[in-house]
Amino acid sequence: MSVTPVSIYDVDFPGLTGIQSTYNTKQTEGNNETKGTGMASFDTILSAAVDMYKEADALQKNAEEAEISFALGYTDSIHDLAVAQQKANISLQYTVKVTNAVVSAYKELMNMQI
């Protein structure tokens, strides 16, 4: 049985990097936005959010598969099982927090008086 070292900071979350890169691009553009650019950036953010949900779902499925294979005796590595479960848990928590922030921002925008 081999043990693979794991670092929390080495985990790559494509959904997170997609949203962050979109945000950073918008910060560097400044006030030179046009209506078309705003639509393209919204599309990019939306696709990054969908990717984030897909990634969270994939990590949940991987954790479930690891649980099943451990329960059936196909693997004896409790470490791999714990890592898969923790990755799925962190991804799910992050997805829920981002979703709550977006919903909160939407509600705040809808409550604004023009």
Side-chain angles (χ1 to χ4, degrees):
M1 180 170 91
S2 66
V3 177
T4 307
V6 176
S7 173
I8 294 174
Y9 302 109
D10 289 342
V11 176
D12 184 28
F13 292 109
L16 173 62
T17 53
I19 291 173
Q20 284 179 341
S21 65
T22 302
Y23 178 74
N24 291 338
T25 303
K26 294 302 284 176
Q27 289 294 329
T28 57
E29 286 178 5
N31 293 329
N32 297 334
E33 297 178 295
T34 62
K35 200 171 217 180
T37 306
M39 294 300 287
S41 66
F42 176 76
D43 182 39
T44 305
I45 290 173
L46 184 62
S47 65
V50 169
D51 290 341
M52 182 179 60
Y53 281 107
K54 288 180 182 178
E55 179 186 4
D57 185 49
L59 288 170
Q60 292 287 334
K61 287 180 182 179
N62 288 343
E64 186 177 332
E65 288 174 7
E67 290 172 4
I68 291 171
S69 66
F70 183 77
L72 293 175
Y74 295 137
T75 182
D76 60 349
S77 177
I78 191 85
H79 179 262
D80 292 339
L81 174 61
V83 169
Q85 288 176 336
Q86 191 64 23
K87 281 183 181 179
N89 186 21
I90 290 171
S91 177
L92 181 63
Q93 286 178 358
Y94 176 75
T95 303
V96 168
K97 287 187 186 225
V98 169
T99 303
N100 289 344
V102 169
V103 169
S104 175
Y106 174 77
K107 286 180 180 179
E108 188 173 327
L109 286 172
M110 296 311 292
N111 288 333
M112 285 182 161
Q113 294 181 358
I114 299 176

One should read off an interatomic distance between E67 CD and E64 CD, to the nearest 0.5 angstrom, of 7.0 Å

Enter the distance from D43:CG to I45:CD1 here, rounded to the nearest 0.5 Å. 10.0 Å

State yes or no: do F70 and Y74 share one hydrophobic cluster built from I, L, V, M, F, W and Y residues joined by side-chain heavy-atom distances below 4.5 Å, directly or via other members? no

Counting only heavy atoms not in Q93, do more than 12 sit closer than 6.0 Å to its CD atom? yes

Look only at the side chain of T99 and the backbone of T95, and say whether a donor-acceptor pair between them is shorter than 3.5 Å. yes

Gap separating the CD atom of Q60 from the CD atom of Q85, nearest 0.5 angstrom: 10.0 Å

Taking every heavy atom of A63 against every heavy atom of L81, the minimum-distance pair comes out as O-CD1, 4.4 Å

